[in-house]
Amino acid sequence: MIQFSNNNLGRQFSFSIFVLFLIAINLTILSAAEVDVKWTATNTQTFASPILDDGTIYSVSTSGRLIAVSVTGIRKFTAELGVPVSVQPTIVGQMIYLATDKGMVAVRKDTGGQRINYSTTSPILTTPLVYDSRTLVAIAKDGKIYVFDINDPSTIKLLRNITLPGQSEGSAVINGGKVFVFLTDGKLYVVDPIGGTSTLLIDTGRSVWRSMPTVVDDIIYVGADKYFMGVTTTGSINVSKELGNALFSPIASGNRFYIGSNDENLYALNQFGDIAWKFKAGDAIRTTPLVVNKTIYIGSNDKSVYALDADTGAVKWSKKLDDWPSSLLYSNGTVFTTTLNGTVTAISTISCRISFPENNATIFARASLAGQAYADAGVAKVEIKAVPNEFQNTNGLEEWNTVLPIIGGSEGPISIQCRATDKAGNVEIEPYTESVYNFVFSEEKLPKINVTIPQSVTVKSPFTLQFKDISGKPLTNFSVTIEGVKYPVSDPNGLFTFTPTREGPLSLFIEKANYQTKTISTQVQQQSSLPLYVSAAVVILLLVYIFYFRKGRWR
């Protein structure tokens, strides 16, 4: 219990400061931030990551079903390709090019129609590479490279084949007009798709499987078995660093490389492969990390998406999904993934919560509201509205409060929504966090505050009051004003202790947001000069003296 007196708090708080106090001491800040899944769309099982183009997410399944969904969650089309697909598609112009178990398929990105096929002798397990606006390179599992002319979107025209002596899965990159292809046995070839030649650059001696390389300053970085390896474009090993287990696709950002592993770790490395930090998930991390605004987004086979601080590896938030997530995409404050069972999922990196008052509370025409907001890029603005009115700005950012005028409508249930904008200018997408309240027109219809005060109290002696609602539940987060000084009360049991310093009438003015205000009074009396038990003892001794000593009866 906290004791308040005129001496230990000597200034008056305005109502806005009082609301801020409520937030600061009673509402929990999003330490492990809460973010929201904004929408999902269903497909059949998939191993392929989605692709984003012109505000549309495209996801293809192992059964060959291609779906297109807008970034706001509206499904545009579903197309049945009739052939299994296990790698991410590629978009060039108006066409989507899909590597399949039987060759190449192209469809229009606006409708999923106008299907064009080109058959190959082996599955294509590497995402098709765009050499230029008219040339596409597809690498089959058997090591055969197909160079296609796609200048005419109505056809897939083969320009030439180039055959490498071994298998390749998902490990190729274009740099400086050449295609660098890792075979699964670790040999690195440089291919000229126009001239039709191939040259062995180096045999790394390490297996490379489904690790899409990244190139920085003419050094090709790749996950080679459990080694983080950098190979120059002239064929010499620049770095070879052994880590915990099989590694997957690295990405570079700033002066760091980030790469996931079967040992459940995401590693942050320098150019020499030294570990700056590592983050351990609950299962393998096989997705390609995505870095946006100093935040790393990864998916783990523990069925979670993680957002990590790029500098330290600290977890900003995590979200459990229905299955393994794919590598992620980002657009305007939202990340997108497709889970193994085919669920396309949109997760907002921006969130807003209404924490006060609690859901189903009663509010009136000037509703006091408070809450928290979060954004990976930092919160720039928080807005709130009573549906269907317009949004208005609040006070504060990560912690916010406002007095919301509610105009129009009728008494009864009312919905209030909040949304946040991040410092990159991204506005949280719908659906927004929503709370439902009981709206009344006047303050007289708000809930009452119950408290009983004795008729009199003693000066310089503390007395305690307990505040409750009409159901007998203790109230907290209110203020008591005495002689012009406002005392904020946060005791969870609704207790307030005060020590009066002078005699006379004493009035207490009680305020709680969205409750009726209340005034109670008592009389402060003079403190007795002797305690009661001392006074009683004096009286007894006086009686003994009168009846015995004065009358001579004492023996």
Side-chain angles (χ1 to χ4, degrees), residues 1-27 355-358 360-370 401 403 411 437-529 531-532:
M1 185 190 321
I2 301 174
Q3 179 172 315
F4 297 88
S5 73
N6 289 348
N7 295 327
N8 58 22
L9 191 56
R11 63 186 180 89
Q12 185 172 358
F13 294 98
S14 67
F15 180 73
S16 61
I17 297 297
F18 167 62
V19 175
L20 189 60
F21 170 82
L22 296 184
I23 301 167
I25 63 173
N26 193 59
L27 301 179
S355 302
F356 179 82
E358 63 186 16
N360 297 319
T362 300
I363 60 175
F364 81 119
R366 289 182 57 80
S368 298
L369 301 149
N401 66 88
V403 176
E411 290 190 336
Y437 300 106
N438 177 38
F439 172 62
V440 295
F441 285 137
S442 65
E443 185 179 1
E444 288 72 23
K445 294 185 178 182
L446 291 175
K448 294 181 179 180
I449 298 172
N450 287 339
V451 60
T452 301
I453 189 169
Q455 290 184 350
S456 63
V457 294
T458 304
V459 69
K460 297 183 180 179
S461 294
F463 66 92
T464 299
L465 303 176
Q466 184 174 35
F467 296 80
K468 299 180 180 181
D469 62 17
I470 56 174
S471 67
K473 179 181 176 182
L475 288 177
T476 189
N477 294 331
F478 58 92
S479 70
V480 178
T481 300
I482 304 173
E483 297 178 338
V485 179
K486 182 176 285 188
Y487 304 100
V489 182
S490 61
D491 184 273
N493 295 313
L495 298 176
F496 170 70
T497 299
F498 182 77
T499 303
T501 58
R502 65 175 182 81
E503 300 175 42
L506 183 69
S507 293
L508 291 73
F509 179 68
I510 301 101
E511 292 177 284
K512 180 173 173 61
N514 305 313
Y515 277 74
Q516 292 184 31
T517 58
K518 188 180 186 71
T519 300
I520 56 176
S521 300
T522 187
Q523 184 71 26
V524 181
Q525 296 181 345
Q526 182 178 6
Q527 190 173 31
S528 176
S529 58
L532 182 60

Using modelled atom types only, decide if a donor and an acceptor are shared between the side chain of [X] and the backbone of [Y] within a distance under 3.5 Å.
{"X": "T519", "Y": "F509", "result": "no"}
{"X": "N401", "Y": "S368", "result": "no"}
{"X": "Y487", "Y": "F498", "result": "no"}

Nearest 0.5 angstrom please: [X] [atom1] to [Y] [atom2], how far?
{"X": "E503", "Y": "Q525", "atom1": "CD", "atom2": "CD", "value": "9.0 Å"}
{"X": "F439", "Y": "I363", "atom1": "CZ", "atom2": "CD1", "value": "7.0 Å"}
{"X": "L475", "Y": "I449", "atom1": "CG", "atom2": "CD1", "value": "6.0 Å"}
{"X": "K460", "Y": "T499", "atom1": "NZ", "atom2": "OG1", "value": "11.5 Å"}
{"X": "N450", "Y": "I470", "atom1": "CG", "atom2": "CD1", "value": "8.0 Å"}

- Query: Between T464 and T497, is any side-chain donor less than 3.5 angstrom from a side-chain acceptor?
  - Reply: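 Present: a donor and an acceptor within the cut-off.
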Can you see which heavy atom on [X] is nearest to which on [Y], and at what distance?
{"X": "V489", "Y": "V480", "result": "CG2-CG2, 4.2 Å"}
{"X": "Q516", "Y": "E444", "result": "NE2-O, 2.6 Å"}
{"X": "Q466", "Y": "N493", "result": "NE2-O, 2.9 Å"}
{"X": "P500", "Y": "L506", "result": "CB-CD2, 4.5 Å"}
{"X": "E511", "Y": "T481", "result": "OE1-OG1, 4.3 Å"}
{"X": "E411", "Y": "F441", "result": "OE2-N, 2.8 Å"}

Are side-chain heavy atoms of [X] and [Y] found at a separation under 4.5 Å?
{"X": "I453", "Y": "F463", "result": "yes"}
{"X": "V451", "Y": "L508", "result": "no"}
{"X": "T362", "Y": "N514", "result": "no"}

- Item | F467 and F478 aromatic centres sub-6.0 Å |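 Under 6.0 Å, so yes.
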